[in-house]
Amino acid sequence: MDDIPPYPPIDPTTFDLIVIGTGLPESIIAAAASTASKSVLHLDPNPFYGSHFSSLPLADLPSFLSSHSTSPSPPRSPSSDDPNEFSLLEFATRPLYSFIDISTFSPNLLDQHSRKFNLDVAGPRVLFCADKSIELLLRTGTNQYMEFKSVDATFVGDNKGNLWSVPDSRAAIFKDKSLGLVEKNKLMRFFKLVHGHLAGEQDVKISEEDLQSPFVDFLNKMGLPPKIKSFILYAIAMADYDQEDTGVCRDLLKTKDGIDQLALYNASIGRFQNASGAFLYPIYGQGELSQAFCRRAAVKGCLYVLRMPVTALLVDKDTGCYKGVRLASGQDIFSQKLILDPTFKVTLPLGSSPPLPLKEKLPFFSLKDDKGKIARGICITKTSLKPDISNFLVVYPPRSLFPEQVTSIRLLQIASNLAVCLPGMFVLYISALCNDDDQGKKLIHAVMNTLLTVPLDSESNAAVQSETAEIGSAVQDETSESSSGGPSDSGEEKPTLLWSALYSQELTLGQVDFICSTPMPDGKLNYNDLIDTTFKIFQEIYPEEEFFPETSLENPEVDGDASPET
Amino acid sequence: MHGRPRKAPKPEEEAASVAKAQKLHALQTQFFSFHHNKIYTKEAVELSAKLLEINPESYTAWNYRKLAVEHYLSQPDCNPDWIKSFLDDELRVVENALRQNFKSYGAWHHRKWVISKGHSSIDNELRLLDKFQKADSRNFHAWNYRRFVAESMKRSEQDELKYTEDMIYKNFSNYSAWHNRSVLLSALFEKKAEGFLSKEKVLPEEYEFIHQAIFTDPDDQSGWFYHLWLLDQTVTTDSPLLASSWPGHGYDVFLVEDRCYNGSAFSPFTALHSDSGSFPIVLYFNQPVGGVSSSTVTVECGFNKNEDLLWKPLSASNSQTARVWVAHLKIPSSDLLSTVEVSVGHSKGIISTRGFEYSHPSMFSFKVHVQPMERDFSQVSVAESISLREENFKIYGSQSEESIINSFNQLSIKNGHESTASNWRSEALAKEIECFRELLSLMDCKIGKLTLARLLMAYDVMSYPFANKLVHSEEVLELCSDLMKLDPTHYQYYKDEHSMVLLQKVTSSKESLLQHCFQYKDSVSSAICGPICLRLNNLSLSRMGAFEKLLWVQMLDLSHNELQSIEGLEAMQLLSCLSLRNNKLRSLTALEPLRKLKLLRVLDISYNQIGDHSIDTTRYLCSSPLSHSVGSESNKDETVTSDVALIDNWEAFYIFKDFNLNQLEIVGNTIADEKFKSVLVKIMPKLKQLDGKLLG
């Protein structure tokens, strides 16, 4: 903290709301509060926007991850009381990332151009063309600060390196070469049923009983073959856990939820004329989203200070109520409300009774510690995983890579035309939910081993090799009889890995206490759940305010046909 | 564009359209004055452009512009550069008009006209089309224009075929694209282009392609249409074939000039009574052909000169192509046994309507016996009437009859070479059948059932000469009955199909046909062995078919069916006695096919619906006695035209005047009142009996 340049004091010193951290939920709340005419101070200890939702240059990513990986130093002393009427509660940081494993196979090339990369910390992530994030962008006019491009296709991968295109529309089913005629017929009829159900046609209504039953049972009832079931469950409805193994499944989809997911997917395809697929990706990376909402907040009068760590919380000596924060510059700033990003936690002095309103926890935000972790991987290559197509999503359904795989693994390849890497290169984002680091590591390595060639000239490489060899042999046993055929066997070169980062991330949820904290990036592909949580946090702190009221007059640029430019 | 709901106009939209109309009116008035005065100044031409931009439907304005272009092009001082820029302006006007209305016939036509002047870049047209077709991929104007452009720039059919494929991949619900595909493939087949030499190789791939569409969405009909085209390509042999004839090969024909022959000497199947001094030879082809004449068909016999024979097409429309052709031979005067040899297609000239040459020369021969007239009997026969009542029929029991087998067997014109060539066809059909059985096992799909029925029938017909039995007819009949219930809107169509299949089935074997053959013998008849009557009554037939197997029939009972039409019956040239009692014939014009039956003497059309429906649209296609087109006929017409009753019933006159009926039953029709009957008697002076009453 010594190298932080001295800051001029912030004036005024009292705000309605202080937000610390510029991750997406914080940025949206800052923008929403500013729109509701609250005075907002938005601080971030980092020199960039986005916190855990940012897109970082290649060289900055490892340091960001490791700075959030160490256990917090214990509070220096039970907070020394200031001479004034406040007690100080020191901030501690939470260790959010673990098992950080960076491998560089082409150091010269990448180091020189570190700034040409914009690597998402919370990848893989996309926006569905019809999801809540797009609605929010359009409604708030934030889309004017961003540009998007279409993610062109979704594939389902298998352990032989094949990528099967997901027949997600009538035209795609027609064109698909891997489905048999009967499968095509069944799949299309299922889509029609869902479509008819959603359109409210009487004769195709899905019964309430079916809607409440597990989605996988419904798919079985419809007589869909396993391959198609897998497409629908994991590549369209984006289920995380093995839906057919209730022992391990933590997110068993109900038919109702499955149908809603299909509806979202369906509404996304063809929503924007120049987006061929269901998904969008922002040019310059996902970090742009946070930044765009910050700009939106700034327009509404929100005050921004980056590179400004916060050291302690100011609490009323008598009531224990929150009063303000002490900045690293030593200045005390006061506000009615505070939003903290999940990096921070407040350490209560031992033996002291918690401040009064602390016990009033809200049920839906209660911390669930059994949520586990999410393993993430970022790989950089010089060749696309699939010729002719550069931006696409790959889903590895549970058990598709090895028998013990209980969660889906998702991979997003983004090319340089989205300004995330050097021209001619590709960034692969991989993620999977897991219980612990070892399991996560195994999942990410399984995908890397299937799709990539890992050079042998790095030390950290050895670990990858032995790990993948182990998985590889397990896979071999499983499928040895069916290992012939498939595109990868025809001698095509797998892309060679240039650089990789593997890490596990904690999944913390939003929290509303006497202070509110925002959630970490979740394991989903889009931001729907995060936006829901953000909305609830906003409602909690400002129950009387509307979340971005509809005011078309106020922002004349946002007219009816405003759409993300792609 | 498709799928755009129509909305009620908002008030401001209505106001805008009123303003547009006013503006248009002013422009139009000005434009017409320029047009009438043949003013082609720059200002005048620009005005027409303005008009067309608002209203691309103004044909007059397009024509005016054509005149203007011609006017400027005929100027002596115009140079090529100037012409090009002038025509490019013209294309811009069209483009603007098309932006206004993409479906303007006038605009598309004008564009073709400008392009065919040959001064403009054709490549640019293809780019424009790509843009247009992206916006509306099914628009047939654009596809039509595309064909024009592709032809003008000599773009290969293969490239265009690829284009249809791309469009179909974008959205396979595209009639225009599938249609264009069939057009292109036909052209490639005809050219025998590389890779398109044999349908055998190409069609299976196309089947595979269309299956993707049909299975993905069986409710989408665009694919089914293409499938129907493929089926047609598979089933139809290019060159026409002779399907059957009368007399058939090896027949012994007994010609009698009197009905009351003593039948013990010869078969009732091949004995023909004729009072007109001639007998017909009928050729039945598997598809309509033209060019049948004494030079393409040679008839050699001792008693007629081939050159004298006049071959006539038998078709409802008076076209020069038909499936059935007839010529009449004079009956030899002596009772000598003579052999007649007929050879078909030994010299070129018989060509199908699709333009394919008859390429399987064939020959058949038969013997003719003449039975001398027996005067005594003929005296009796004058008063004799035919009564097609149940008690007058008895089952034809002569199982040992040899000649009947000949009657069923088609001409053996198929040889070994051809059967191997058509192997792939039946294989393709078998594959399709399997495929659609699978589809139907997945879901109930009416068009799938219809297609399966068609496939099964086609398969049976194709393998018929070898299998000698229609294996699938029961299944097809079931499918048709199913469809009648499933899809009541098209009930009549399925009913017709059902009738055709039923007739195919009845005529497919000697055994099944014999069940419908009865010997006619009434109580007053003096004949020992009466004629054979084919009774296809009470089968709820809505349509008549299988004529190629029924050319020999002289007495036909179609009573108690649901016939609305008897189209095709003209092929049964030997018919002398026909009952259509208790059917659903609605008009006299429905009897038109009977006009061609020269031997018809007894006709029963009682208890039909003739006259129930006052409007008979086909009536106006009959030549009225008032029109001059019939003036060339006999002066008998002259006398009838003065008769008011005949003028009111000109279609009766048109239909019945050529009949040579002895006996007619017409009771039970709305039209058949006393007045009408008197008209009939006038039209047919030879009629001896009407509704059971002897005529003076």
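A, B, ... follow the sequence lines: proteins, then strands. Residue 1 opens every chain. Being a predicted model, the structure only gives us computed values, none of them experimental.
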Run the numbers on B/E438 and A/N185 for side-chain contact (heavy atoms from CB on, under 4.5 Å), then give the verdict. CA-CA 11 Å; B/E438 185 164 36; A/N185 184 265; over 6 Å; no
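Only the side chain of B/L439 comes within contact range of chain A, with at least one heavy atom under 4.5 Å from a heavy atom of that chain. Proximity to chain A (any heavy atom under 4.5 Å) is shown, for B/S173, by both the backbone and the side chain.
No more than 12 heavy-atom neighbours from other residues, nucleotides or ligands sit within 6.0 angstrom of CD on B/E194. In this structure, A/K256 places its NZ atom where only 12 or fewer heavy-atom neighbours from other residues, nucleotides or ligands lie under 6.0 Å away. Residue-environment remark: NE2 (A/H195) stays at or below the threshold of 12 foreign heavy atoms within 6.0 Å. Heavy-atom neighbours of A/K254 NZ from other residues, nucleotides or ligands within 6.0 Å: at or below the threshold of 12. B/E478 CD: 12 or fewer foreign heavy atoms inside a 6.0 Å radius. Within a 6.0 Å radius of CD in B/E12, other residues, nucleotides and ligands contribute more than 12 heavy atoms. Enclosure of atom NZ in B/K201 is not indicated, since only 12 or fewer non-hydrogen atoms of other residues, nucleotides or ligands lie within 6.0 angstrom.
Contact annotation for residues 166-178 of chain A against chain B (heavy-atom separation below 4.5 Å, listed by residue number): A/R170, A/A171, A/I173, A/F174, A/K175, A/D176, A/K177.
Atom-to-atom distance recorded for A/L181:CG and B/T216:OG1 is 8.0 Å, nearest 0.5 angstrom.
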Side chains of residues 207-214 of chain B: which donor-acceptor pairs under 3.5 Å do they make with residues two or more places apart or in other chains?
| unit_1 | atom_1 | unit_2 | atom_2 | d |
| --- | --- | --- | --- | --- |
| B/Y207 | OH | B/L230 | O | 3.3 |
| B/Y207 | OH | B/T234 | OG1 | 2.7 |
| B/E208 | OE2 | B/Q212 | NE2 | 3.2 |
| B/H211 | ND1 | B/Y207 | O | 3.3 |
| B/H211 | NE2 | B/E432 | OE1 | 2.9 |
| B/H211 | NE2 | B/E432 | OE2 | 3.0 |
| B/Q212 | OE1 | A/K184 | NZ | 2.4 |
| B/Q212 | NE2 | B/E208 | O | 3.1 |

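Counting heavy-atom pairs under 4.5 Å between each of A/R189, A/M188, A/K186 and chain B puts A/R189 at the top.
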